[in-house]
Amino acid sequence: MPRRAVVIGAGLAGMLAAAALAGAADEVVVLDGDALPDGPDHRKGLPQGRHAHILMAGGLAAMEELVPGAGVRKRLLAAGAHELSLGRDMVALTPEGWFRRWRHEGPAVLACTRALLDWTVRDAVVTQAPVRVDVRPGTRVTGLLGGAGRVTGVRFHDGGGSGDGGDGGDGGTDRELTADFVVDASGRGSRVTHWLAALGVTGVRERTVDTGLVNATRLYRAPEGAGRFPVTMVQADPYAGRPGRSGMILPVEDGRWMVSLAGTRGAEPPDDADGFLRYAMELADPLVGRFIARAEPLTEVRISRSTHNHRRYLEKVRDWPEGLVVLGDALATYNPAYGQGMSVAALGARLLAEEVRRAGGGLGSAGLAARVQRGVVPWVDAAWLAAVGQDVWYPQTRGARPTPVDRLVTGYSRRLTKVSTGAYGAAAALWEVTSLLAPPARLFAPGTLLSVALGPLLPPLAGAPLTAAERSLLAP
């Protein structure tokens with residue numbers, strides 16, 4: 001019989017999961033409740049889609065492996081994405097001081113709109129997969145087929161491609177689709193815990209840590225002479241005992257800057273133009289505000305509040321059902337300020353592909369789903385600890401307070417960050433871990449520990465390390 005895989009969600013995690021399964025299935029069906037755009041346009045199913053996203057080097061490498069003939073990186077660069085070095089093309093004020101810009105480049109990141117990234121990946125998977133990948137918009141999954149021991153497909157409501165997420169009363173049809181393997185990559189709104197309970201799989205532990213972060217984003221036309229503009233950010237300070245405020249300028253396609261401001265509960269950024277600029281000027285350093293004061297705004301201010309950290313500990317389910325894997329934001333979501341969610345999703349999809357190959361391409365292989373669900377944990381843990389380890393320090397955070405272990409880890413992390421402002425070796429270790437090119441253990445390697453013990457080799461910078469061309473773009 002033909003082997004069919006079903007993926008719930010046509011976002012980044014879902015399409016990469018489809019690519020991972022395409023080598024083992026005869027058909028991959030991707031179901032999504034949205035009306036998917038036929039091009040790099042925003043869609044409502046991406047709550048953070050209008051805000052700044054950075055694709056880390058580890059995530060990009062995983063994408064390139066999953067869709068080897070598509071050249072995802074080349075496609076994105078051809079469409080106007082910016083490839084920037086963390087060592088040379090980043091201007092960042094941390095709670096421990098300004099990072100330097102080194103002659104050594106460090107890992108690269110890709111900067112573009114989320115709409116361009118999602119469209120590029122979706123098109124690459126559909127056109128380059130070795131089997132048919134059937135993407136069906138306007139299909140809202142309502143449950144799983146099978147039982148506690150094995151998932152055998154999905155129930156869904158087919159709205160006829162309308163993408164309105166209807167409830168069955170919109171003229172659509174309730175259907176069932178059998179499958180040899182199912183991946184839930186439906187994002188923050190996943191109902192997988194309820195679907196599992198309906199099959200008899202209960203007791204899933206979940207945790208939410210919420211700073212109340214609000215994102216406010218506006219697009220600007222990059223000024224004449226901006227050229228190869230760096231990622232520019234003023235980070236929030238979780239350790240100051242007050243709500244956090246941050247700002248970022250991200251160069252994106254079509255000669256634009258994506259400017260995102262963020263504030264935790266009690267310091268939320270406003271949604272009006274005057275307040276947006278004022279908020280940027282009142283950050284720990286007015287750098288972001290001074291750059292955008294001379295830039296031409298292209299859009300209104302867009303607000304998003306879907307920013308909490310939420311994790312489902314599915315790997316702890318004693319008897320995980322065969323034929324089901326949960327990836328991406330359906331498994332764990334992170335405060336988007338830390339920029340690792342997309343890369344963790346890509347690494348999870350790559351692991352799925354690796355485990356399928358080890359199983360000889362058999363989607364029904366015993367224990368395959370459980371091995372994948374457990375295998376993604378190190379990457380999920382790394383991103384979770386990076387986000388929650390800082391978020392617990394904001395005074396209005398809900399769901400967690402600092403523990404003695406948090407205090408110990410934070411002490412080391414702050415020391416490492418401070419040393420990284422003046423020692424290349426420490427900075428390189430930090431880049432590799434935040435780029436998901438190396439596990440957190442890299443931060444405790446002998447060379448890194450020695451750098452931390454010796455302290456910064458260079459004095460702290462008094463201000464932002466800008467070039468003469470960049471400084472000329474600043475408003476007084």
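Since the model is a prediction, treat every value here as computed from it, not as a measurement.
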Correct closest heavy-atom pair for Ala295 and Pro297 would be O-CD, 3.4 Å
I would like to know whether Tyr220 and Phe291 meet ring-ring contact (aromatic ring centres under 6.0 Å, His included); could you show each step before the answer?
-> CA-CA 11 Å; Tyr220 290 78; Phe291 273 126; over 10 Å; no
**Q.** Side chains of Val356 and Phe181 in contact at under 4.5 Å (non-hydrogen atoms)
**A.** no
Full working for salt bridge (charged side-chain N to carboxylate O under 4.0 Å, His left out) between Glu296 and Arg221:
CA-CA 5 Å; Glu296 176 192 354; Arg221 190 178 310 284; 3.1 Å; yes
Sorted by chain and residue number, the side-chain hydrogen bond (donor to acceptor under 3.5 Å, both in side chains) partners of Gln235 (sequence neighbours excluded) come out as none
Smallest heavy-atom separation, Gly263 atom then Pro269 atom, equals N-CD, 3.5 Å
Is the closest side-chain heavy-atom distance between Trp320 and Val326 below 4.5 Å? yes
Side-chain (Thr421) to main-chain (Gly97) donor-acceptor, under 3.5 angstrom = no
Any side-chain to backbone donor/acceptor pair from Glu322 onto Ala366? Under 3.5 Å, distance only. no
Contacts of Tyr338 meeting side-chain hydrogen bond (donor to acceptor under 3.5 Å, both in side chains) (sequence neighbours excluded), chain-then-number -> Asp391
Checking Ser365 side chain against Gly361 main chain: does a donor-acceptor pair fall under 3.5 Å?
no
dist Arg88:CZ -> Arg228:CZ (nearest 0.5 Å) comes out at 5.5 Å
- Parallel, tilted or perpendicular: ring planes of Tyr412 versus Phe444, cut at 30 and 60 degrees: parallel
Note to self: Assess the residue pair Asp381 and Arg311 against the criterion (salt bridge (charged side-chain N to carboxylate O under 4.0 Å, His left out)); give the C-alpha distance rounded to whole Å, side-chain angles, the decisive distance to 0.1 Å, and a yes or no.
What the structure shows: CA-CA 10 Å; Asp381 274 348; Arg311 183 166 177 186; 2.7 Å; yes
Are Leu466 and Leu474 close enough that some pair of their side-chain heavy atoms sits under 4.5 Å apart?
-> yes
Hits for side-chain hydrogen bond (donor to acceptor under 3.5 Å, both in side chains) against Arg415, two or more places apart or cross-chain, chain-then-number order -> none
The complete set of side-chain hydrogen bond (donor to acceptor under 3.5 Å, both in side chains) pairs with one or both residues in residues 434-449, sequence neighbours excluded, reads Glu432-Arg442, Arg442-Thr448
Quick note, salt bridge (Lys or Arg N to Asp or Glu O under 4.0 Å) partners involving residues 459-476, not counting sequence neighbours, are Arg101-Glu470
Take the angle between the ring planes of Phe229 and Trp257 and call it parallel below 30°, perpendicular above 60°, tilted in between. tilted
**Item:** Ser343 side chain vs Gln340 backbone, donor-acceptor pair below 3.5 Å
**Value:** no
Test side-chain contact (heavy atoms from CB on, under 4.5 Å) on Val376 and Leu352 and set out the steps.
CA-CA 9 Å; Val376 300; Leu352 171 61; over 6 Å; no
Evaluate whether atom CZ of Arg290 has more than 12 neighbouring non-hydrogen atoms of other residues, nucleotides or ligands under 6.0 angstrom away. yes
Residue pairs passing the salt bridge (Lys or Arg N to Asp or Glu O under 4.0 Å) test with at least one member in residues 262-283, sequence neighbours excluded, are Asp210-Arg265
Minimal heavy-atom distance between Ala346 and Leu66, with the atoms involved, is O-CD1, 3.8 Å
Residues at least two apart in sequence or cross-chain that pass side-chain contact (heavy atoms from CB on, under 4.5 Å) with Ser246, listed by chain then number, are Ala236, Ala262
Residues pairing under side-chain hydrogen bond (donor to acceptor under 3.5 Å, both in side chains) where one sits in residues 394-406, two or more places apart or in two chains, turn out to be Thr403-Asp406
Between the NE2 atom in His53 and the CZ atom in Arg114, the distance rounded to the nearest 0.5 Å is 4.5 Å
Closest non-hydrogen atoms of Thr299 and Arg218, given as atom of the first, atom of the second and distance, are O-NE, 2.6 Å
Q) Does Val209 offer a backbone N or O that forms a donor-acceptor pair with the side chain of His308 under 3.5 Å? A) no
Would one find more than 12 heavy atoms of other residues, nucleotides or ligands at under 6.0 Å from atom CZ of Arg207? yes
Between the CG atom in Leu196 and the CG atom in Leu314, the distance rounded to the nearest 0.5 Å is 7.0 Å
Q) Leu416 versus Ser420: any side-chain heavy-atom pair under 4.5 Å? A) yes
* To do: Please assess Val30 against Val125 for the test side-chain contact (heavy atoms from CB on, under 4.5 Å), listing each intermediate value before the final yes or no.
  => CA-CA 11 Å; Val30 182; Val125 172; over 6 Å; no
Sorted by chain and residue number, the side-chain hydrogen bond (donor to acceptor under 3.5 Å, both in side chains) partners of His310 (sequence neighbours excluded) come out as Glu206, Thr208
Value for CG (Leu287) from CD1 (Ile249), rounded to nearest 0.5 Å, stands at 6.5 Å
Closest non-hydrogen contact found for Cys112 with Leu76 is SG-CD2, 4.3 Å
Step by step, would you call Trp393 with Asp237 a side-chain contact (heavy atoms from CB on, under 4.5 Å)? CA-CA 9 Å; Trp393 293 97; Asp237 186 351; over 6 Å; no
Checking Thr120 side chain against Leu116 main chain: does a donor-acceptor pair fall under 3.5 Å?
yes
Discussion item. Quick one, Val91 and Trp98 - any side-chain contact, counting heavy atoms below 4.5 Å?
Written reply: yes
With sequence neighbours left out, the residues meeting ring pair (Phe, Tyr, Trp, His ring centres under 6.0 Å) with Tyr313 are none
Nearest heavy-atom approach of Asn309 to Ala387 is OD1-CB, 3.4 Å
- Item | Asp32 and Arg43: CA distance, side-chain angles, deciding distance, salt bridge (charged side-chain N to carboxylate O under 4.0 Å, His left out) verdict | CA-CA 12 Å; Asp32 196 288; Arg43 63 185 181 97; 3.4 Å; yes
Quick note, salt bridge (Lys or Arg N to Asp or Glu O under 4.0 Å) partners involving residues 243-254, not counting sequence neighbours, are Glu253-Arg256, Asp254-Arg256
Residue pairs meeting salt bridge (Lys or Arg N to Asp or Glu O under 4.0 Å), one or both in residues 58-82, sequence neighbours left out, come to Glu65-Arg350, Arg73-Glu83, Arg75-Asp123
The reported gap from OG1 in Thr193 to CG in Asp184 (rounded to nearest 0.5 angstrom) is 9.0 Å
Heavy atoms from other residues, nucleotides or ligands near CZ of Arg188 exceed 12 (cutoff 6.0 Å): yes
**Prompt:** Between His51 and Met248, is a side-chain contact (heavy atoms from CB on, under 4.5 Å) present by the stated rule, with each step listed?
**Reply:** CA-CA 10 Å; His51 302 284; Met248 170 189 283; over 6 Å; no
dist Leu84:CG -> Leu250:CG (nearest 0.5 Å) comes out at 7.5 Å
